Amino acid sequence: MKVVVVESPSKAKTINKYLGPGFEVLASFGHIRDLPAKDGSVDPDDNFKMLWEVDPQSQKRVNDIAHALKKADTLILATDPDREGEAISWHVLEALNEKHALKDQKVERVVFNAITKQSVTEAMKHPRAIDGALVDAYLARRALDYLVGFTLSPVLWRKLPGARSAGRVQSVALRLVCDRELEIEKFIKKEYWSIVAKLATPRGDAFEARLVAADGQKFQRLDIGSGKQAEDLKTALEGASFTVAAVEAKPARRNPPPPFTTSTMQQEASRKLGFAPAIAMRLAQRLYEGVELDGETTGLITYMRTDGIDMAPEAIADIRAMIGKNYGKEYVPGSPRTYQNKSKNAQEAHEAVRPTDPHRTPDQVAKYVDRDQARLYELIWNRAVASQMESAELERTTVDIVAKNQTPNGARSIELRASGQVVKFDGFLTLYQEGQDETPEDEESKRLPAMAENEALAKQGIEASQHFTEPPPRFSEAALVKRMEELDIGRPSTYASILQVLQDRGYVRIDKKRLIPEDKGRVVVGFLESFFARYVEYDFTASLEEQLDRVSNNEMNWKEVLREFWTGFIGAVNDIKELRITQVLDALNDLLEPHIFPARADGGPVRQCPTCATGQLSLKVGRFGAFIGCSNYPECTHTRQMTPGAGGMQSTKVLGTDPVSNLEVTLRGGRFGTYLQLGEEIKAPKRKKGEKKDPDAPKSEKILPVKPKRASLPKGVAPEDIDLEKALALLSLPREVGKSPEDGEPILAGVGRFGPYVKHGKVYASLEDGDDVLTVGLNRAVTLIAEKIANPKKGRRFGADPGKTLGEHPDKGGAIVVKNGRYGPYVSHNGVNATLTGDKTPETVTLDEAIVLLDARAAMMGNSPKGRRAAGRKQGSAKKAAANPDARAKKPAAAKPKKPAVAAKAPRRPKATAAE
């Protein structure tokens with residue numbers, strides 16, 4: 001008997017069928033050990049000793065493997081063929097050795113790039129030992145991430161209350177997003193003009209030509225910088241005659257792109273299918289593990305975590321044969337195409353991502369998988385097949401045109417150019433065209449009519465168009481992955497998780513498929529750039545990744561890499577510990593000034609307080625994060641959110657005067673959002689140190705504090721939609737809706753901590769979607785209250801919404817449910833809840849998206865202070881239970897002693913005297 005260990009149960013089930021009797025295939029369910037989420041799990045003072053922990057669920061998997069080994073002669077570790085897969089095999093082996101589960105059994109390591117019967121059975125014939133260099137690289141990476149997270153994050157929490165943890169690679173990726181945002185904010189637009197002539201050939205074929213020179217002066221794109229200059233050139237063209245000066249046609253070839261790596265697959269899936277990288281990886285995992293075809297489970301694609309861009313010779317031969325059969329011999333190049341990776345750190349240990357059988361077309365596969373998986377398979381299939389097709393043949397034509405005009409100031413000669421492109425043979429373009437993050441102005445894609453040199457052209461019209469330069473666009477997820485790959489930041493297996501963690505921590509948000517840094521993300525990056533600049537530098541991070549790759553190639557010692565990093569890093573941490581928070585905030589004020597203190601419309605000082613006019617605005621931190629406040633606090637209580645206009649306001653807006661109280665009604669921005677205020681706050685003056693209260697002072701001289709009435713804007717109401725009438729209505733809440741028909745008591749409507757409600761006596765009922773707190777009527781209010789009384793749990797956190805089942809978790813089992821909660825929609829699985837992010841709704845969220853959110857949330861819970869405490873308690877309970885397995889056995893209840901009928905009270909002891 002041979003015991004085979006893989007990661008997932010679905011993979012185990014498939015491989016068990018392939019291998020048949022004599023083999024027992026078990027799943028480890030991913031990693032079975034990890035560093036405990038507490039200090040001391042990596043000890044730099046003890047040569048970076050690492051303490052590993054097996055959680056209770058994983059312990060069951062280890063026990064199952066150990067039990068199966070009792071009747072086996074061989075242990076085969078068949079986890080994924082990458083660094084992470086090698087680490088899982090190593091962890092399994094280490095855990096089994098700790099249990100003394102291995103006696104005389106032989107231990108083998110096998111890898112396969114695709115889950116097909118041929119690949120698996122062939123791999124079993126070529127076992128090897130665990131690759132120690134790959135394991136060392138994993139240990140170094142895991143130790144680095146732990147040391148950065150558990151050393152730097154507490155510094156963040158102390159110096160920037162409300163900040164979340166800081167990861168080694170995530171922080172650098174966040175800096176990319178924040179730097180792009182700062183570049184956009186600093187951008188100064190520049191005016192420029194373009195001039196286009198609409199012309200026609202003698203045969204009446206129309207086309208457009210762009211002005212490129214005038215009177216011997218060449219013009220680049222931005223050279224025509226004013227309307228006056230553009231109008232002058234347009235006038236000259238209006239009266240000119242146009243002649244073809246030259247026609248040049250050049251042949252060109254466009255070669256197909258290589259098959260997918262992990263990075264390029266994520267980029268194209270984002271551009272063409274709208275999949276987030278984490279979703280693309282989850283779908284690719286399903287395709288890799290396969291579906292049942294003709295009674296046998298078969299993997300549909302090769303392993304999806306790779307930076308290799310070549311394919312196995314037999315796969316290339318199959319693809320070339322399929323191209324010749326389905327598309328024609330002219331689409332098959334003379335020799336197989338080979339590709340060279342441009343990334344200097346590419347390991348190319350595995351094939352590119354490709355279909356396991358090119359004859360299995362997307363139309364055939366679509367019958368067995370869901371829609372999203374089918375779309376991703378089609379993308380992978382098209383790219384792999386196109387990579388072995390013939391090049392596209394093009395003809396690029398350029399026509400130079402001269403416009404001559406006789407003016408009172410002399411003759412003027414103006415040059416124009418028209419470009420076009422014709423596809424002579426489509427080649428690979430018949431199947432695939434690579435997407436782009438930005439759509440360029442492609443004049444060459446237009447087709448030009450036939451023209452000859454010295455041919456006269458007719459003028460149909462001249463257009464002068466004003467333009468303004470635009471700032472660089474924000475990163476899409478695809479563009480950020482591409483940029484990280486260009487800078488050698490992160491590795492194929494980490495891109496998806498990096499982007500997901502940035503969103504889950506609230507450091508970035510996605511709007512219209514673009515990544516926008518949140519205020520808390522910008523503060524964290526500003527802090528790191530100010531005090532840990534070296535560790536968020538792109539070159540430093542890329543250099544560290546290169547060292548880790550050298551470790552995996554057995555070229556460096558992993559502990560030397562850790563030692564060199566730790567020496568400088570802990571020194572920087574110790575230096576920052578001595579800084580006061582005010583020093584940190586001063587540095588952030590300077591670094592983030594273009595973002596948090598934008599230019600004022602009146603041209604005044606950007607940091608002048610708009611309320612008191614004498615104080616200076618400054619970044620401040622509170623328990624809920626950063627905000628802007630006045631230096632004259634507490635005399636001046638002006639506050640706003642960090643970003644003016646982002647859910648808040650830069651200054652106070654006066655809406656009018658309340659006709660009843662004659663007080664001013666204002667719309668203001670606070671650190672919790674926009675709110676309404678009636679009147680101004682008056683604070684009692686503080687007594688100076690040592691000054692005593694005068695009890696005889698007349699009341700008329702005392703300044704009594706006045707707390708103005710305030711009202712938050714209801715959810716969905718924008719600040720620009722608020723006028724005086726609506727503001728007064730909101731400030732008047734709670735209002736009386738009417739009298740209860742049952743007891744005549746008033747029913748009130750108002751806005752509370754958890755949103756708008758109606759209230760009768762002590763019964764509160766939340767308003768539902770479509771109900772307006774300002775207009776809800778008596779009948780509707782009575783209905784809501786009656787429903788609440790009949791179902792007291794309605795609207796509560798627990799039992800409020802049974803939710804909709806999305807499906808079973810493929811790796812961990814158990815239903816995944818989407819629900820509507822008090823704070824918005826969320827998905828839930830086995831006690832882990834994850835809020836829906838971006839534009840996801842309970843109606844549109846898919847099972848794969850839910851799994852990604854839940855996995856990220858579970859990882860965050862393990863790394864948060866609260867999660868660490870819970871993990872510690874859980875670990876302590878598990879150890880106690882293991883040490884005393886009978887402790888939880890039910891004991892017979894001891895007979896309680898009967899109380900005496902009358903209990904005599906003991907006499908009270910008198911107080912001790914001074915003498916005593």
Side-chain angles (χ1 to χ4, degrees), residues 5-12 27-35 50 52-55 58 61 77-95 109-115 123 128-146 149 167-170 261-263 265-266 277-278 280-282 284-286 288-289 299 301-308 345-351 353 489-501 544-545 548-549 551-554 558 810-812 851-852 855-856 858-859 862-863:
V5 178
V6 295
E7 293 95 336
S8 71
S10 59
K11 188 174 174 183
S28 70
F29 288 77
H31 277 285
I32 61 165
R33 301 197 309 176
D34 200 0
L35 297 171
M50 303 172 76
W52 300 98
E53 173 187 80
V54 180
D55 66 72
S58 295
R61 321 291 181 208
L77 302 167
T79 50
D80 286 341
D82 59 1
R83 183 189 296 132
E84 208 70 19
E86 206 73 20
I88 292 173
S89 289
W90 176 78
H91 277 304
V92 169
L93 186 59
E94 290 290 300
R109 171 83 169 109
V110 301
V111 294
F112 37 83
N113 197 42
I115 303 178
R128 61 169 174 81
I130 287 179
D131 190 326
L134 282 180
V135 174
D136 287 348
Y138 160 79
L139 294 174
R141 190 179 295 275
R142 188 70 188 89
L144 279 171
D145 292 341
Y146 172 91
R168 179 177 63 88
V169 181
Q170 292 96 326
T261 62
T262 301
S263 167
M265 180 186 72
Q266 291 174 0
M281 293 304 291
R282 169 65 62 177
Q285 179 78 35
R286 300 276 187 86
Y288 168 67
E289 292 180 351
I301 64 169
T302 55
Y303 192 56
M304 63 283 162
R305 291 183 180 89
T306 176
D307 55 12
N345 288 332
Q347 299 179 69
E348 300 190 82
H350 317 301
E351 283 188 77
V353 185
I489 297 170
R491 285 298 173 261
S493 60
T494 64
Y495 295 138
S497 61
I498 288 171
L499 292 177
Q500 191 64 46
V501 166
L544 193 56
E545 291 289 342
L548 292 171
D549 287 340
V551 170
S552 65
N553 294 332
N554 213 12
W558 69 281
D811 299 329
K812 303 174 184 177
I851 291 169
V852 170
D855 289 349
N863 289 326

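Computed from heavy atoms alone, side chains included, the values below leave out hydrogens, waters and symmetry copies. Not measured: the values here are computed from a predicted model.
- Looking at residues two or more places apart in sequence or on another chain, you find no salt bridge (charged side-chain N to carboxylate O under 4.0 Å, His left out) involving R61.
- Under the rule for a salt bridge (charged side-chain N to carboxylate O under 4.0 Å, His left out), D136 has no partner lying at least two apart in sequence or in another chain.
- A donor and an acceptor atom, one from each side chain of S10 and E289, are located under 3.5 Å apart.
- The closest side-chain heavy-atom distance from L144 to R141 is not below 4.5 Å.
- In terms of the side-chain contact (heavy atoms from CB on, under 4.5 Å) criterion, residue partners of A284 (sequence neighbours excluded) are, by chain and number, M265, I301, M304, L376.
- Side chains of H91 and W52 form a contact here, defined as non-hydrogen atoms less than 4.5 Å apart.
- The nearest pair of heavy atoms linking V110 to A123 is CG1-O, 3.6 Å.
- For R282, the salt bridge (charged side-chain N to carboxylate O under 4.0 Å, His left out) partners two or more places apart in sequence, or in a different chain, are D811, D855.
- One distance of note links CD of Q170 with CG of L499; it measures 10.0 Å at 0.5 Å rounding.
- Contact of the Y288 side chain with the D80 side chain is registered, since non-hydrogen atoms from C-beta on lie closer than 4.5 Å.
- Looking at P81 and F112, their side chains never come closer than 4.5 Å, going by heavy atoms from C-beta outward.
- R305 is listed as a side-chain neighbour of Q285, based on a closest heavy-atom distance under 4.5 Å.
- Scored by the side-chain contact (heavy atoms from CB on, under 4.5 Å) test, E84 finds H31, D82, Y138 as partners (sequence neighbours excluded).
- The distance from atom CG of L35 to atom CZ of R142, rounded to the nearest 0.5 Å, is 4.5 Å.
- Of all the heavy atoms in T79 and I88, the pair that sits closest is CG2-CG2, 3.7 Å.
- With sequence neighbours excluded, the residues forming a side-chain contact (heavy atoms from CB on, under 4.5 Å) with V135 are E86, W90, I130, L139, listed by chain and number.
- For D131 and R83, the salt-bridge test fails: no basic side-chain N is under 4.0 Å from an acidic carboxylate O.
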